[in-house]
Amino acid sequence: MTDTRRHLLAMDDVGADDIERILETAAGFEDVVERDVKKVPTLRGRTVVNLFYESSTRTSASFELAAKRLSADVVSVKAAGSSVDKGESLKDTISTLNAYRPNIIVIRHPQIGAAQLTARWSDAHVVNAGDGKHQHPTQCLLDLYTIRKRLGRLDGVKVAIVGDVLHSRVARSNIAGFQLMGLDVTLVGPPALIPPGIAEATGVRIAEDPAAIGDADVVYVLRMQHERMEPGQNHVPSLREYASVWGVTARRLRPGQVVMHPGPMNRGVEIAPDVADSSASLIGEQVEAGLVVRMAVLYDLMTRPGVGGVIDLHERTAERGAA
Ligand code: ASP
């Protein structure tokens with residue numbers, strides 16, 4: 001049987017037409033989230049499972065709200081407090097949840113490829129809400145939405161992605177999606193935090209001078225991701241030194257630049273508190289965009305079955321053929 005499911009696993013699988021469609025759908029949902037009664041019946045009778053094996057505030061809250069705004073039935077499972085605590089494997093957890101016949105599974109997991117496995121082990125459409133340092137595609141979509149809303153365009157916008165690229169799934173998704181939409185990407189940071197070979201693999205520019213952020217229209221600041229750093233490995237001499245050399249402060253910005261951060265922020269480390277709270281900051285807009293963009297992703301997956309696009313369809317088809 002042909003598998004007609006569509007997934008959102010990585011920005012590398014997505015086409016510019018998919019992105020355009022999702023951003024347009026998201027804009028249409030702005031009206032819904034502003035209403036007194038913030039609900040449309042679009043996904044009534046459908047079930048969305050949110051399965052989070054890693055901490056999350058913005059992504060888990062917005063996926064849950066997004067599904068509820070679309071009138072889906074939503075089950076949110078956090079690894080802590082679930083049978084994962086008792087040692088249940090990812091595969092067993094997925095097959096348990098699959099028994100409830102969810103239409104969509106949204107998964108965040110520390111292991112690279114966990115979302116892909118979920119697509120293989122379940123019958124649901126799968127959305128990757130972050131797999132280790134690999135991908136976080138909905139973050140990229142909401143960032144594109146935010147940039148276009150503020151700057152009025154995507155093509156030719158210069159973005160400096162600053163900081164801990166090495167451990168960042170946001171950077172990996174954003175590099176792919178930003179380049180696809182014609183943005184010009186430069187990575188700015190200490191060499192120890194820039195993945196070796198990334199310039200060759202993706203065509204981005206790399207700047208080892210913090211002053212390089214001066215050329216950008218958008219300064220995209222990444223969190224120092226301590227939880228992904230190997231114990232005992234010192235990527236930077238000290239946080240204080242990192243902050244003084246690479247921290248994005250008001251002094252380093254020029255008028256007209258905007259600043260983004262996926263959150264959560266380490267205020268005073270990668271971003272100065274006054275910058276985060278300034279009128280140049282789009283951080284609040286990113287959070288708002290997260291809701292309508294995730295509504296658009298859930299809607300798109302459920303309403304365009306079998307069309308391809310935001311999907312890694314061949315994998316599963318090939319696998320079924322082989323089985
Ligand atoms: N919230 C984003 C993520 O889950 C960024 C971060 O944690 O620094 O990847």
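The figures here come from the full heavy-atom set of this structure, side chains too, leaving out hydrogens, waters and symmetry mates. Counting convention: from 1, in listed order, for ligands and their atoms alike. Since we're looking at a predicted model, the values are computed, not measured.
The protein heavy-atom contact nearest to atom 2 (C) of ligand 1 is G263 O, 3.5 Å.
If you number the atoms of ligand 1 from 1 as listed, the ones under 4.0 Å from a heavy atom of V170 come out as 2 (C), 5 (C), 9 (O). Close approach of ligand 1 to H136 (heavy-atom distance below 4.0 Å) involves ligand atoms 3 (C), 4 (O), 9 (O).
Using a 4.0 Å cut-off between charged nitrogen and carboxylate oxygen, E30 and R35 do not count as a salt-bridge pair. With respect to the salt-bridge test (charged N to carboxylate O, under 4.0 angstrom), the residues E285 and K149 do not qualify. Ion pairing between R69 and E34 fails under the 4.0 Å rule for side-chain N and carboxylate O. Classification of D155 and R153 as a salt-bridged pair fails, no side-chain N sitting under 4.0 Å from a carboxylate O. A salt bridge between R58 and E288 is absent, with no side-chain N of the basic residue lying under 4.0 Å from a carboxylate O of the acidic one.
Note: an N/O pair closer than 3.5 Å links R223 and ligand 1 by distance alone. Polar contact with ligand 1: absent for R228 (N/O pair, distance under 3.5 Å).
Figure legend: cation-pi geometry between R294 and F63, with NZ or CZ positioned under 6.0 Å from the six-membered ring centre and within 45° of its axis.
Residue G130 places every heavy atom at 4.0 Å or more from ligand 1. Using a 4.0 angstrom heavy-atom cutoff, S56 does not count as in contact with ligand 1. For the pair R108 and ligand 1, a heavy-atom separation below 4.0 Å is found.
At a 4.0 Å heavy-atom cut-off, ligand 1 touches R169 through the side chain alone. No part of R58 comes within 4.0 Å of ligand 1, judged by heavy-atom distances.
Here H226 and H167 keep their ring centres 6.0 angstrom or further from each other.
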